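A short write-up of the structure that comes next.
Keep in mind that the numbers below use all heavy atoms, side chains included, and drop hydrogens, waters and symmetry copies. Source: prediction; values computed, not measured. Both counts, for ligands and for their atoms, begin at 1 and track the order of listing.
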Amino acid sequence: MVLTRVVRLAKINVRGVVQGVGFRPFAYRLAREHNLKGWVRNTSGSVEIEVEGDAESLENFLGNLETQAPPMARIEKVKATFYPPKGYTEFEIRESLSQEGKYQLVSPDIATCEDCKRELFSPTDRRFRHPFTNCTNCGPRFTIIEDIPYDRPKTTMRQFEMCPECQQEYDNPLDRRFHAQPNACPKCGPSLELVDSNGNPIEADDAIKAASDLLKAGKILAIRGLGGFQLACDATNEEAINFLRARKRRPAKPLAVMAGNLEEVENHCFVSPEERKLLQSPECPIVLLRWKHSSSSIPPAVAPNLKYLGVMLPYTPLHHILLRETGIPLVMTSGNLSEEPIAKDNDEALRRLRGIADYFLLHNRDIYARYDDSVYMVEGVPQAIRRARGYAPYPIFLPFKAKPILACGAELKNTFCLTKDEHAFLSQHIGDMENEETLDHFENTIGLYKKLFRIEPEIVAYDMHPEYLSTKYALEVSEERGLKSIPVQHHHAHIVSCLVENRVKGPVIGVAFDGTGYGTDGTIWGGEFLLADYHRCQRVGHLEYVPLLGGVAAINKPYRMALSYLYTLLGEDFSVEGLPISKVNSAELDIIKQQLKRRVNSPLTSSAGRLFDAVAALAGVRGEIDYEAQAGIELEMLAPDESGEFEEKAYPFSVIKDQAIKVVKLAELISTIVQDIRNQVPTPIISLKFHNTMAQIIAKMCKTIARESGINKVALSGGVFQNRLLQKLAVSALHKDGFTVLTHHLVPCNDGGISLGQAVIANFSRI
Ligand SMILES: [Zn+2]
Ligand SMILES: [Zn+2]
Ligand SMILES: [Zn+2]
């Protein structure tokens, strides 16, 4: 018996990052493989395919379309409907269809792929050592796009006319550079130039070789990379590192290191399988790895007092060649002065980085969007600390259809978020909104996202803090354009950002631990227990209030926080004698006592971050800081890896009820720590006991709140949860008590995630 083969036509629509990533040639090859006829084309919003053939081939084609998609493609949705055949005789790639108002997802920049790497180091290849090698599977995308549809004339590559050989690759559907918009070669592509700090060219046959010699000689180089300039020096040369720190005005904040390959990384750090995967992923972020202090030739000056080192692998051809040429790991940090945005243009870099870099390695492929390196840590699963290169502007998918909203984020580690349909376009890391340059970068990047994704916001969401530049911007814009503006409480936004990335609606018990957030009662919150969902937020508990002595001064000088806890909780007559903190001079002590009495410029705070600071200062770990959260971080680093007999040891605390709100009283905790210090208990043990206590506070509060509310799901958010030890202890304590625990993965738990939470809350606001 002969079965008649049923021929059918499938109309397929593919959404996601499917343009500029080699999707059409992939569909073309796949259709030919399965002997299917029809066509594929880009539209403004998706890729459309019509294929016909027998049912089994169609089914295989559809399956492979998702499972074998090119590495840079990210498929959101494949929709197929079936019809009678039309009688196509071949398969072709058709002209793109442009549709008004439609938008598409834009691919992030992606690290150099294996095929390109091979060419890069093959002496016979025409792209041998060409620092701008790329293909449809790798290279710049977001940083060079000015508008959609993604075509060369709408990128900063338009000034380079392709040579016949490149053009041929570009036009051939079977070539891996088919429609690779940044396609280039040494003949027709961008080029490098090495100049001194005055902009005078340095004569060199090979700019990378010359740059490498300078790095090996201890010089500091500004290198124009993918999304901006990086400052580089020999990561094994302490003197060069100290120079860089002094010139960049960054005395202690950890610097990232780029190592040539995985083997080199393992010379300096322990790498788990999960971390290895992340290091080698197309996103290629900086990964915080456990440092092998005893054997690593990278001196502690790169990340003073830390157990972890931020390491990444080369992600552009330029980096690959440079790292191979130098043969040493390089410090590779953002090209900026202190907290300004990363420099991106040649002139700008020569102006702004003058006095920091000895030499500049420039190129002439313009960067349209500033783009810092992303930072991740692996705690069970990968967790974003800073989300930028490789990730943005790929959206966070929402479990609902959102209104067009602009959420302006917080002050530090700012990101903004624009929503449309199921997409939350969380911007790349913008920076600390404390200067004009960062505000400009913020405004320009909002403009770019609005244009790329065709979003005209109707609602503007912002933090309640009246002094944040992002708040002022939000109020100005909404007034100017007559838009609805919605204030969102900081910690509510933290918790909702965690909920939405986990696609959970709530209600949950939200534990929001961070440094600073404006509370609805005018005090500064930061050790909060909330009952929250996308819409509502009720504060049900918090850490005990103490005055933030001198406002910002208390943040920069943790010893002031320690004194605030001591005098407020243990009485004004408390004697600091014999404690490390007694080094504070008596005149300042008197001023502090006066401040405490009169409560001048000393708002109340329930901040968990400040409590960490205070304990760090009290225990003599650090009294003054050079970067955000330094004291708390160094306290964490001191805790022993093996807790042994101290596993369960903690300090006492109590919980009282102040009207409907539970308050964690901390007097006993502070006084017992003081006792431990006086009894010369080693600081690592004090650190461990304190971390255990914080985890117990979280567990105890959640248990009580759960009993009253019936809610057994907990979300952990806020910058304090970057503390891995605390996160681990808290999650394990909560699991033991039977809670479901939600943590961050895709978006940072720090203020870099705030804008996502703001957007979601504004979407459900009934104002
Ligand atoms: Zn490639
Ligand atoms: Zn060429
Ligand atoms: Zn925060």
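Between Cys188 atom SG and Cys166 atom SG, the angle centred on the Zn ion (ligand 2) amounts to 110° (nearest 10°). The SG atom of Cys116, the Zn ion (ligand 1) and the SG atom of Cys113 define an angle of 110° (nearest 10 degrees). In this structure, SG of Cys185 and SG of Cys163 enclose an angle of 110° at the Zn ion (ligand 2), rounded to 10°.
In this structure, Arg158 does not pair ionically with Asp151, as no charged nitrogen and carboxylate oxygen lie closer than 4.0 Å.
The name of the N, O or S atom in Asp751 nearest to the Zn ion (ligand 3) is OD1. When you scan the N, O or S atoms of His494 for the one nearest the Zn ion (ligand 3), you land on NE2. When you scan the N, O or S atoms of Asp514 for the one nearest the Zn ion (ligand 3), you land on OD2. The atom of His490 nearest to the Zn ion (ligand 3) is NE2, with the search restricted to N, O or S atoms.
Because the distance cut-off is set at 2.8 Å, His491 fails to qualify as a neighbour of the Zn ion (ligand 3), as none of its N, O or S atoms comes that close.
Taking the six-membered ring where tryptophan is involved, the planes of Trp525 and His491 are essentially parallel, since the angle between them stays under 30° and well short of 60°. The aromatic rings of His490 and His494 sit perpendicular, their planes meeting at an angle over 60°, well past the 30° parallel limit.
The side-chain contact (heavy atoms from CB on, under 4.5 Å) test with Arg127 is passed by exactly one of Ser122, Cys166, Cys135, Cys116: Cys166.
The ring of Tyr518 has its center closer than 6.0 angstrom to the ring center of His465.
Side chain to side chain, Asn364 and Gln159 fail the donor-acceptor criterion of an N or O pair below 3.5 Å.
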